[in-house]
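Taking it in order: structure first as structure tokens, then the write-up.
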Number of protein chains: 2
Amino acid sequence: MNSICLPVGLDPSDLDKLEVLIERKKPLQPRESVFLSGEPFTSIYAVRSGSIKSFCIDADGREQVTGFYFPGELFGWDGLANEHYQNTAIALETTSLCEIPYEKLDNLGNSIPSVQKYVMKLISREINADQQLIALLAGNSAQQKLASLLLSISDRLVQQKLSSTRLWLPMSRGEIGNYLGLTVETVSRVLGHFQRKKYLAVNKKEIEILDKKALRDLIRSPEEVE
Amino acid sequence: MNSICLPVGLDPSDLDKLEVLIERKKPLQPRESVFLSGEPFTSIYAVRSGSIKSFCIDADGREQVTGFYFPGELFGWDGLANEHYQNTAIALETTSLCEIPYEKLDNLGNSIPSVQKYVMKLISREINADQQLIALLAGNSAQQKLASLLLSISDRLVQQKLSSTRLWLPMSRGEIGNYLGLTVETVSRVLGHFQRKKYLAVNKKEIEILDKKALRDLIRSPEEVE
DNA sequence: AAATCGGCCTGATGTAAATCAACTCAAGGT
DNA sequence: ACCTTGAGTTGATTTACATCAGGCCGATTT
């Protein structure tokens, strides 16, 4: 079983039983959807390669990005409460997924307690991630938000194709801005600023983190102007 | 079993089994804590009466409110992922809780599948709530944020002591502001503005919603200035 | 009754980010 | 080779909200 699909924390024997659940789907094209908001909840998904954006449409019809998912990460839990997905999930690039039908996972959980426990933890991770985002959105500057996002992506892409300092942003500036509660222009300007400060080297969607410490410091205390 | 402690959705026979898990605690005093960030995760809690604020401390030591919980609502799921609570939870007023030890709930879930399923749904509700907050924090004005919060509290307090239009805010202006990513002054000014517009009657922590429709319209489309 | 303190309100001023607008650049299309 | 289109950048201007500062009021202390 590919450890990318369901991360560690289970007995190998239990892992074997999990493997049978997983359906490998043929790769998604960029912009292709995994599920749409409102559809009946059937499965959760693990990213094998590529990346996923999830978003909802709020009262006034505006799109709100709620998460980006990279290889090894799971998404789709938001559908569990109402038996319908709350978000729409689409591929940001060519992306392959593992589909894990919830029904089967649930049955397996009923017979193997350790699986059940593990699934709960996975769900609760999504809660922690969301709460971190809340903290970020509620009392931080544009610079702090962007620094946080870049460091988060960098951390999550360790053990991936690119090193932790060279990374490829699969989403547009607009999608970053939407996620962080900023406009495209602000995202662009802050990236420019970071570049001038030699914190980053930016080339379109390719980012090299030159000064990780500076970015981390920025998150702790707002930047001094010079 | 008090339906306030665990809402409906289970067979009555299963409910009986759940009841034995629940430990009723003696009421908490205002500002008394339920658990502290970093403590080992043991239980989830249901609010019987009163209200709870949960918050975390971020990198720079600032407090960030992540949720308010009212009668009938559950909190503490954030501790599941790491086996330690991420947030601190304190009572905003004299508050009584049901404690539901997770270990016992988990065991029960292993023997009764419907309980397990139900617990999952409860967790996933927290995810949905968090994602709604994210959407609110990321692209909305101070007026929209406050209108949303007031309507949300009003909805959640239906079937409670006060009617859906007269409500008592147990938290301070500062706590509201922190939660919504606003300053105390802004909260105060927006409440004043809503009052002048006759959307609300505000008397300290007592709020009467006079024009629910106006508030709802405000959320959909930003206010016109006159 | 005077003093202290915290929560809340209000006004003046400052500023970060939004908005508006123009321009560049690369990718397709005809 | 020329036109379109969309993503990204950059500059000028505006604005919503933060910040700073003062004052009010009810509760608690002395």
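Protein chains get the first letters and strands the later ones, always in sequence-line order, with residue 1 at the start of each.
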Figure out the [atom1]/[atom2] separation between [X] and [N], and round it to whole Å.
X	N	atom1	atom2	value
Leu191(A)	dG8(D)	CG	C1'	10 Å
Leu180(B)	dA16(D)	CG	P	18 Å
Arg196(A)	dT9(D)	CZ	P	11 Å
Leu92(B)	dG7(C)	CG	C1'	15 Å
Arg189(A)	dA7(D)	CZ	P	18 Å
Leu169(B)	dC8(C)	CG	P	10 Å
Leu146(B)	dC17(D)	CG	P	10 Å
Leu200(B)	dC8(C)	CG	P	16 Å

Does the side chain of Arg173(A) get closer than 4.0 angstrom to OP1 or OP2 of dT9(D) through an N or O atom?
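Arg173(A) to dT9(D) OP1/OP2: side-chain N or O found under 4.0 Å.
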Any Thr183(B) side-chain nitrogen or oxygen under 4.0 Å from OP1 or OP2 of dC17(D):
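For dC17(D), OP1/OP2 do not have a side-chain N/O of Thr183(B) under 4.0 Å.
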Whichever of Gly181(A) and Gly192(B) has its nearest DNA chain C nucleotide further upstream toward 5'
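Result: Gly192(B).
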Closest to the [X] side chain: [options]?
X	options	answer
Ser188(B)	dC9(C), dA21(C), dC8(C)	dC9(C)
Lys205(A)	dT19(C), dC8(C), dG8(D)	dG8(D)
Thr186(A)	dA17(C), dC17(D), dA12(C)	dA17(C)

Do Glu185(A) and dC20(C) have a side chain to base donor-acceptor pair shorter than 3.5 Å?
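Donor-acceptor pair under 3.5 Å: yes.
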Write down the atom of Asn178(A), the atom of Ala138(B), and the distance for their closest heavy-atom approach.
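What the structure gives for the nearest pair is O-CB, 4.0 Å.
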Would you check if there is a donor-acceptor pair between the side chains of Lys205(B) and Ser172(B) at a distance under 3.5 Å?
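Checked: Ser172(B)/Lys205(B) side chains show no N/O donor-acceptor pair below 3.5 Å.
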Mind running salt bridge (Lys or Arg N to Asp or Glu O under 4.0 Å) on Arg125(A) and Glu73(A) for me, showing each step along the way?
CA-CA 10 Å; Arg125(A) 263 185 220 170; Glu73(A) 300 177 339; over 6 Å; no
I need the Leu167(B) CG to Leu150(B) CG distance, nearest 0.5 Å.
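Rounded to the nearest 0.5 Å, the CG-CG separation comes out at 7.0 Å.
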Taking the six-membered ring for Trp, are Tyr199(A) and Phe194(A) parallel (under 30°), tilted (30 to 60°) or perpendicular (over 60°)?
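Tilted.
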